S.K.: 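Sharing a structure below in structure tokens format, with a few things to ask.
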Amino acid sequence: MKLQALNLAICGLYSQALQASTKAPLVAEDVRAPIIRPCGKVMLESGTDVRLTTGGRERSATFRLYYFAADRDNPKAENLAVREAIGEAFLNGIQADGTYLGIDEGVQFEVADGVLEATLDLTWQEELPEEAVEAFADPEASTEPMEILKQTMEVS
């Protein structure tokens, strides 16, 4: 699954949540101009990509969804409405590139300086393409790597 497809799916669900709660727009994360309230923003944070087996890998990504309420001095009511809508939108996981992803630890919420932050920690496994599996294999090896393991033990 491509991260772009996953980002698009998350943005789609978040946009639906915003429309259901406050009608606020979702803005691009690379906007450098001052934030025009109310609005939502999606950021891709940390993640991993590791080969687990000869033919598979495990990937993870953390997405943060921000909501900037219209009234920065009194955002509680809006933040509660958006929090509820986000919870509903992501309750059944995410569908991207024909793959279903459950949300590992559920959606985590935090409010700092009146800004609502929802965190989605995602982990998924993928099969590698045949070319990657073949490139990993040693064509001259006739045994599994552990079968040719040699161990020398010295007692002192």
Side-chain angles (χ1 to χ4, degrees), residues 1-138 145-146:
M1 170 178 19
K2 301 279 187 211
L3 284 174
Q4 293 91 345
L6 182 56
N7 184 66
L8 188 60
I10 289 171
C11 287
L13 288 171
Y14 186 30
S15 185
Q16 289 173 9
L18 289 173
Q19 290 306 304
S21 57
T22 63
K23 307 280 190 245
L26 184 60
V27 297
E29 71 180 55
D30 56 355
V31 173
R32 299 195 192 279
I35 294 170
I36 299 172
R37 295 169 175 259
C39 71
K41 189 173 179 179
V42 175
M43 300 280 290
L44 172 61
E45 298 288 330
S46 61
T48 61
D49 195 341
V50 62
R51 186 177 203 133
L52 292 179
T53 63
T54 303
R57 72 187 197 188
E58 180 177 273
R59 301 177 80 188
S60 71
T62 297
F63 284 85
R64 297 195 196 286
L65 286 55
Y66 295 95
Y67 179 69
F68 300 90
D71 184 354
R72 74 178 324 148
D73 296 323
N74 191 15
K76 186 175 182 179
E78 274 184 79
N79 283 345
L80 288 173
V82 172
R83 178 179 173 160
E84 186 72 28
I86 290 171
E88 289 297 319
F90 290 94
L91 183 62
N92 294 321
I94 302 161
Q95 192 81 17
D97 262 357
T99 303
Y100 167 78
L101 292 178
I103 300 169
D104 298 345
E105 302 293 325
V107 182
Q108 301 161 29
F109 295 96
E110 185 174 319
V111 176
D113 295 328
V115 177
L116 176 67
E117 177 185 327
T119 304
L120 308 170
D121 291 317
L122 305 169
T123 304
W124 65 98
Q125 287 81 36
E126 295 179 355
E127 288 185 23
L128 292 171
E130 192 63 35
E131 311 84 61
V133 174
E134 289 172 2
F136 184 73
D138 181 1
M146 288 304 291

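Values in this document were obtained by computation on a predicted structure and should not be read as measured data. Excluded from the calculations below are hydrogen atoms, water molecules and symmetry mates; all remaining heavy atoms, backbone and side chain alike, are included.
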S.K.: CG of L91 to CD of E88: how many Å apart, nearest 0.5 Å?
M.R.: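 Interatomic distance, L91 CG to E88 CD, rounded to 0.5 Å: 6.0 Å.
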
S.K.: Quick check for you: to the nearest 0.5 Å, what is the distance between L44 atom CG and L120 atom CG?
M.R.: 11.0 Å

S.K.: State, to 0.1 Å, how close I35 and C39 come at their nearest heavy-atom pair, and which atoms those are.
M.R.: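 Result for this residue pair: CG2-SG, 3.4 Å.
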
S.K.: Taking it one step at a time, do V111 and K76 satisfy side chain to side chain contact (heavy atoms under 4.5 Å, CB included)?
M.R.: CA-CA 9 Å; V111 176; K76 186 175 182 179; over 6 Å; no

S.K.: Is it true that a side-chain atom of E126 and a backbone atom of M1 form a donor plus acceptor pair closer than 3.5 Å?
M.R.: yes

S.K.: Quick one: closest heavy-atom pair of V82 and S21, and the distance?
M.R.: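 Taking every non-hydrogen atom into account, CG2-OG, 3.6 Å.
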
S.K.: State the CZ-CE distance between F63 and M43, to the nearest 0.5 angstrom.
M.R.: 11.5 Å

S.K.: Can you confirm whether Q16 sits close enough to L13 that some side-chain heavy atom of one is under 4.5 Å from a side-chain heavy atom of the other?
M.R.: yes

S.K.: Taking all non-hydrogen atoms of both residues into account, name the closest pair between L18 and P25 and its distance.
M.R.: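 Reported closest heavy-atom pair: CD1-O, 3.9 Å.
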
S.K.: With a 3.5 Å distance limit and no angle check, can you tell me whether E110 reaches the backbone of A118 through a side-chain donor-acceptor pair?
M.R.: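 Pair absent, no side-chain N/O of E110 close to backbone of A118.
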
S.K.: Return the CG to CD1 distance between L3 and I10, rounded to the nearest 0.5 Å.
M.R.: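 If we round to the nearest 0.5 Å, L3:CG and I10:CD1 are 9.5 Å apart.
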
S.K.: Check whether more than 12 heavy atoms from other residues, nucleotides or ligands sit under 6.0 Å from atom CG of L80, and answer yes or no.
M.R.: yes

S.K.: Give me the atom names and distance for the closest heavy-atom approach of A17 to A89.
M.R.: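 Taking A17 first and A89 second, the nearest heavy atoms are CB-CB, 4.0 Å.
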
S.K.: I'd like to know if the side chain of D97 and the backbone of L6 have a donor-acceptor N/O pair within less than 3.5 Å.
M.R.: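 A pair under 3.5 Å: no.
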
S.K.: Whether the side chain of Y67 engages the backbone of P38 through a donor-acceptor N/O pair (distance < 3.5 Å, no angle test) should be reported.
M.R.: no

S.K.: So, do T62 and L122 sit near enough that their side-chain heavy atoms are less than 4.5 Å apart?
M.R.: no

S.K.: May I ask you to check whether over 12 heavy atoms, not counting those of E45, lie within 6.0 Å of atom CD?
M.R.: yes

S.K.: So does A69 get a backbone contact from the side chain of R37, meaning a donor-acceptor N/O pair under 3.5 Å?
M.R.: yes

S.K.: Could you measure the distance from the CG atom of L65 to the SG atom of C11? Nearest 0.5 Å is fine.
M.R.: 7.5 Å

S.K.: Report the distance from atom CZ of R57 to atom CG of D49, rounding to the nearest 0.5 Å.
M.R.: 4.0 Å

S.K.: Donor-acceptor pair, distance only, cut-off 3.5 Å: does the side chain of E117 make one with the backbone of A112?
M.R.: no

S.K.: Looking at D121 and E105, would you say the former's side chain and the latter's main chain have a donor-acceptor pair under 3.5 Å?
M.R.: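 The answer is no, because no donor-acceptor pair under 3.5 Å joins these two groups.
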
S.K.: Using modelled atom types only, decide if a donor and an acceptor are shared between the side chain of Y14 and the backbone of F90 within a distance under 3.5 Å.
M.R.: no

